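For reference, the structure is listed below as structure tokens.
All heavy atoms count here, side chains included; hydrogens, waters and symmetry mates do not. These figures come from a predicted structure and were not determined experimentally.
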Amino acid sequence: MTEDAQGNSPFPRRFARPGPGARRLPRWWPLPFGLAVGALAGGMYGVLSTPQYTATSYVIAVPTDKADPMSALGFAQAYSRVATQIAVLSDAQVAARVPVQTLKSQVRAETSPDAPMVAISASAAEPARAMEMANAVARALTANASHAKDETHVKLLRFTRAVKPTEPSSASAALTTLVGTCAGGLLGGLGLLLRPRRELGTAVATVPAPTAAAGLRGSA
């Protein structure tokens with residue numbers, strides 16, 4: 001006897017199997033889905049984003065006769081931090097033909113720990129504008145340094161002028177597509193690894209309780 005008086009069966013009912021016309025996605029679908037979405041997102045970002053051009057001008061710190069040659073290295077590092085300050089950028093905005101805030105956000109200064117040289121780089125959507133900003137900040141920095149050379153015994157000289165860049169410095173559409181594909185594949189792989197654990201948890205939850213089996217033996 002498999003049913004009680006109310007017609008209830010102690011065994012859990014099985015779910016109806018899908019018909020022959022129903023199709024289920026393969027278990028590995030998150031991986032190609034992540035690859036496709038990542039490639040699409042990366043490609044759209046590379047195509048729609050505005051390319052940026054970067055121009056770099058170099059200035060060098062030269063010690064005078066009264067200064068230690070090693071002091072030029074320390075002053076070069078100090079001037080690299082001063083290059084992006086308002087005192088210098090306000091003098092450069094007229095020649096660069098951009099506001100101070102634009103110079104502050106698009107100009108950076110770097111120096112080498114081995115050479116007393118400051119690299120002033122400017123980025124812009126137009127190659128000519130990037131060149132003008134880098135040269136304007138370099139001129140303003142050397143002019144400000146010349147006012148204090150009697151006290152510091154170090155002067156800044158223009159080493160090389162910035163030239164108009166011919167290629168954008170921002171990532172190309174091919175590179176952003178590759179990065180997006182890798183990111184999407186990583187997320188899809190993580191989703192693929194997490195999915196079997198969920199299926200295992202569902203299978204364990206359908207096991208009948210011991211009380212149902214005990215009631216079956218009692219009725220027999």
Side-chain angles (χ1 to χ4, degrees), residues 41-42 44-180 183:
M44 290 182 61
Y45 176 81
V47 172
L48 298 179
S49 61
T50 303
Q52 295 292 314
Y53 296 86
T54 302
T56 304
S57 178
Y58 294 91
V59 297
I60 187 171
V62 180
T64 61
D65 297 337
K66 299 180 181 180
D68 182 8
M70 294 301 298
S71 63
L73 183 61
F75 277 103
Q77 296 176 357
Y79 281 126
S80 68
R81 293 188 290 269
V82 175
T84 55
Q85 300 300 317
I86 299 298
V88 176
L89 299 181
S90 59
D91 296 339
Q93 65 176 339
V94 177
R97 294 182 298 176
V98 294
V100 174
Q101 295 301 326
T102 302
L103 292 175
K104 192 173 183 61
S105 61
Q106 298 182 356
V107 174
R108 66 181 186 273
E110 299 175 348
T111 185
S112 172
D114 302 326
M117 187 175 297
V118 182
I120 301 174
S121 301
S123 299
E126 301 176 359
R129 181 60 55 84
M131 178 190 66
E132 292 174 356
M133 289 193 300
N135 287 327
V137 174
R139 285 194 300 267
L141 181 61
T142 54
N144 280 267
S146 64
H147 298 159
K149 66 179 180 180
D150 294 336
E151 291 78 13
T152 60
H153 304 292
V154 173
K155 57 183 178 180
L156 287 182
L157 300 177
R158 297 282 300 276
F159 189 74
T160 58
R161 289 175 52 87
V163 297
K164 186 185 298 185
T166 57
E167 296 181 357
S169 57
S170 55
S172 61
L175 181 58
T176 56
T177 302
L178 179 60
V179 173

Test side-chain contact (heavy atoms from CB on, under 4.5 Å) applied to V154 and V62, step by step: CA-CA 6 Å; V154 173; V62 180; over 6 Å; no
Distance, nearest 0.5 Å, that separates CD1 of I60 from OG1 of T142: 13.0 Å
Pairs touching residues 83-95 that satisfy side-chain hydrogen bond (donor to acceptor under 3.5 Å, both in side chains), sequence neighbours left out: D91-N144
Sub-4.5 Å side-chain heavy-atom contact between L157 and V59: no
Nearest-0.5 Å distance that lies between atom CG in N135 and atom CZ in R161: 4.5 Å
Considering all heavy atoms, the nearest A83-L89 contact: O-CD2, 3.6 Å
Closest approach of A61 to A76 (non-hydrogen atoms, all atoms of both residues): CB-CB, 4.1 Å
Pairs where residues 112-133 contributes a residue and the test side-chain hydrogen bond (donor to acceptor under 3.5 Å, both in side chains) is met, not counting sequence neighbours: T54-S123, T56-S121, R97-E132
Listed partners of A145 passing side-chain contact (heavy atoms from CB on, under 4.5 Å), at least two apart: Y79, L156
Criterion side-chain contact (heavy atoms from CB on, under 4.5 Å) on T102 and V100, from CA distance to verdict: CA-CA 5 Å; T102 302; V100 174; over 6 Å; no
Nearest-0.5 Å distance, OG1 of residue T152 to NE2 of residue H147: 12.0 Å
OG1 on T111 to CZ on R81, rounded to 0.5 Å: 9.5 Å
Residue pair P113 / Q77: nearest heavy atoms and the distance that separates them: CA-NE2, 4.1 Å
Salt bridge flag under 4.0 Å for residues K149 and E151: no
Heavy-atom pair of closest approach, residues A130 and A124: N-CB, 3.8 Å
Shortest non-hydrogen contact between M131 and A162, atoms and distance: CG-O, 3.3 Å
Reported NZ-to-CZ distance for the pair K155 and F75, which is rounded to 0.5 angstrom: 14.5 Å
S57 and R158, any side-chain heavy atoms less than 4.5 Å apart: yes
Euclidean distance, K164 NZ relative to T166 OG1, rounded to 0.5 Å: 10.5 Å
Exam field: side chain S105 to backbone Q101, donor-acceptor pair closer than 3.5 Å: yes
Shortest non-hydrogen contact between A143 and S146, atoms and distance: O-OG, 2.6 Å
